[in-house]
There are 2 protein chains.
Amino acid sequence: MAQLKNILLVDDDEDLREALAEQLVLTEDFEVFEAEDGASAMRKAKEMHHDLVILDVGLPDTDGRELCKLMRKQGVKAPVMMLTGHDSDADTILGLDSGANDYVTKPFKFPVLLARIRAQLRQHEQSEDAIFQLGPYSFRPSMKVLVDESDRKIRLTEKETNILKFLYRAPDGVVPRDVLLHEVWGYNAGVTTHTLETHIYRLRQKIEPDPSNAQLLVTESGGYRLMS
Amino acid sequence: MAQLKNILLVDDDEDLREALAEQLVLTEDFEVFEAEDGASAMRKAKEMHHDLVILDVGLPDTDGRELCKLMRKQGVKAPVMMLTGHDSDADTILGLDSGANDYVTKPFKFPVLLARIRAQLRQHEQSEDAIFQLGPYSFRPSMKVLVDESDRKIRLTEKETNILKFLYRAPDGVVPRDVLLHEVWGYNAGVTTHTLETHIYRLRQKIEPDPSNAQLLVTESGGYRLMS
DNA sequence: CAGTATTGTTACAATATTGTAAGCTGATGA
DNA sequence: TCATCAGCTTACAATATTGTAACAATACTG
């Protein structure tokens, strides 16, 4: 995973919660934030962005499904994984219909949970609500904006958005010009690599503090790379 | 579900497959297409669009995971649900990493599968690869086009795309003007309902066979409705 | 029926987006 | 050193998108 993902882990069973948190952190892909009841979960959900929420169905103050609905209503778009003790159909259905994305029955083996977490994260990256961390910006492709720390918005054109999207997703960083051309303009595009260069230039003007000395969107012999 | 969804069901166990198909059809939400081996599954996947694929891991000719990867490589974007007989971790992980979206262990209870299918479909509607059936068109929001039966493409502007998207998703059809305004332009938009009307007009020019007698995008006292 | 509100139609102007060309820079290598 | 090339910068023109205004048609109400 290119960037550390924030996970909000909500479970009142402290032993389980901490064990889980520890294992998640060990993967070095996640930063884990913990909550032990619905109220504090909501609070934490509001005060920062999480990339995924793990939610126990049974909490001391709220029902997990209700909490999930509440979170959705409050605008939490991240995938929610429900943990439950009972594998009854009713639970499953209700769990899924509360707006949760996946459902895991306790006890579970950690690798299974982990695989499902990764699958959810991967899937969410394709979604309209996806938010990416891009250097100092948070990037919302569907809104075509970059938002900086002080909440200033940088509007992007469609081409710019697509360029960033494909650069971000490139598994190992460098994307050759012609690949980028094909990805953004399509395979029969009558556009020269020169056009791409101009777009990169314009992007840099918008996103680089010092455009003539690119830090985020760097040139790399034959292509471009997005620094995280 | 507003529109019948096509499901491709791949399993060599004829009894199970037909029982499943029947139950799915009974919900009246799905049309089911069956295949009993990898080869014919690939053939069917190519010849038409399916909204979801159910795939048994063990097939006579191919391994289900390989088939899944192959489908992905061939451009199948629909969610894939893997059915497996063994609940081993390895299977789970491999299953999820092959590009499958969810994983259900046999034997399962039908309502559980159904709930998971619905969850996948719901989630996929938010994705970039989502394709909607809109009257005679297939609508690809991420490409901002409508494609008609004879493969002619109608390009849409961003506003037009968003209008269609929100109309399509409206649970019970009619969307009041002001709601649509808020959804498409945002809550602090300095745009009058008049602007919206113009956009609707332009949309109709593009998508209605007889624009002065709208069949797809109809006016409904106070708002608009998209006919499926 | 008159008149008012709602919705549709047309035309136009402001703006944003995009592609291209032309010149520039700096590195590389013969 | 000089030629060459990849990549950057700047400017400009074509086009697409969008909002608005003015007017026409239609439905609704008293």
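Just so it is clear: chains get the letters A, B, ... in the order the sequence lines come, proteins before strands, and each one is counted from 1. Because only heavy atoms are used, hydrogens play no part in the values below, and waters and symmetry mates are left out as well, while side chains stay in.
- Taking the side chain as every heavy atom from C-beta outward, B:Leu9 and B:Phe33 never approach each other to under 4.5 Å.
- Mapped onto DNA chain D by nearest heavy atom, B:Gly190 and A:Ser221 fall at different nucleotides, with A:Ser221 at the one closer to the 5' end.
- Note on B:Trp185: a side-chain N or O is less than 4.0 Å away from OP1 or OP2 of D:dG19.
- For the pair B:Leu181 CG and C:dT6 C1', the interatomic distance rounds to 15 Å; values are reported in whole Å.
- Sorted by residue number, the members of residues 198-210 of chain B with any non-hydrogen atom under 4.0 Å from DNA chain D read B:Thr198, B:His199, B:Arg202.
- The aromatic rings of B:Trp185 and B:His199 lie perpendicular to each other, with more than 60° between the two planes, well past the 30° mark.
- To the nearest angstrom, P of C:dG19 lies 10 Å from CG of A:Leu196.
- Note: CD (A:Glu197) to P (D:dT10) measures 15 Å, nearest angstrom.
- As a whole-Å value, the separation of B:Arg177 CZ from C:dT6 C1' is 7 Å.
- Donor-acceptor pairing under 3.5 Å is recorded for the side chains of B:Arg204 and B:Thr219.
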Please tabulate the protein-to-nucleotide N/O contacts below 3.5 Å involving nucleotides 25-29 of chain C, giving atom names and distances.
none

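- Ion pairing of B:Asp148 with B:Lys153 is absent here, as no side-chain N (NZ or NE/NH1/NH2) approaches a carboxylate O to less than 4.0 Å.
- Nucleic acid contact class of A:Thr195 (heavy atoms, under 4.0 Å, all strands): base.
- Side-chain atoms of B:Tyr103 and B:Leu83, non-hydrogen and from C-beta on, never get closer than 4.5 Å to each other.
- Projected onto DNA chain C by closest heavy-atom contact, A:His194 and B:Gly222 fall at different nucleotides, the more 5' of which corresponds to B:Gly222.
- Using a 4.0 Å cut-off between charged side-chain N and carboxylate O, A:Glu160 and A:Lys165 make no salt bridge.
- Using a cut-off of 4.0 Å between Lys/Arg side-chain N and Asp/Glu carboxylate O, A:Lys144 and B:Glu158 are scored as salt-bridged.
- Toward the 5' end of DNA chain C, the nearer of the two residues A:Lys144 and A:Thr192, judged by each one's closest nucleotide, is A:Lys144.
- Rounded to whole Å, the distance from CG on A:Leu217 to C1' on D:dG7 is 13 Å.
- Between B:Glu125 and B:Lys5 there is a salt bridge, since a side-chain N of the basic residue sits under 4.0 Å from a carboxylate O of the acidic one.
- Contacts between residues 152-167 of chain B and DNA chain D, counted as heavy-atom distances below 4.0 Å, involve B:Arg155, B:Thr157, B:Glu158, B:Lys159.
- A salt bridge does not link A:Glu183 with A:Arg177: every distance from a Lys NZ or Arg NE/NH1/NH2 to an Asp or Glu carboxylate oxygen is 4.0 Å or more.
- Side-chain contact between A:Val191 and A:Leu196: absent, with no pair of heavy atoms (C-beta onward) separated by less than 4.5 Å.
- Contact of the B:Val147 side chain with the B:Arg152 side chain is not registered, since no non-hydrogen atoms from C-beta on lie closer than 4.5 Å.
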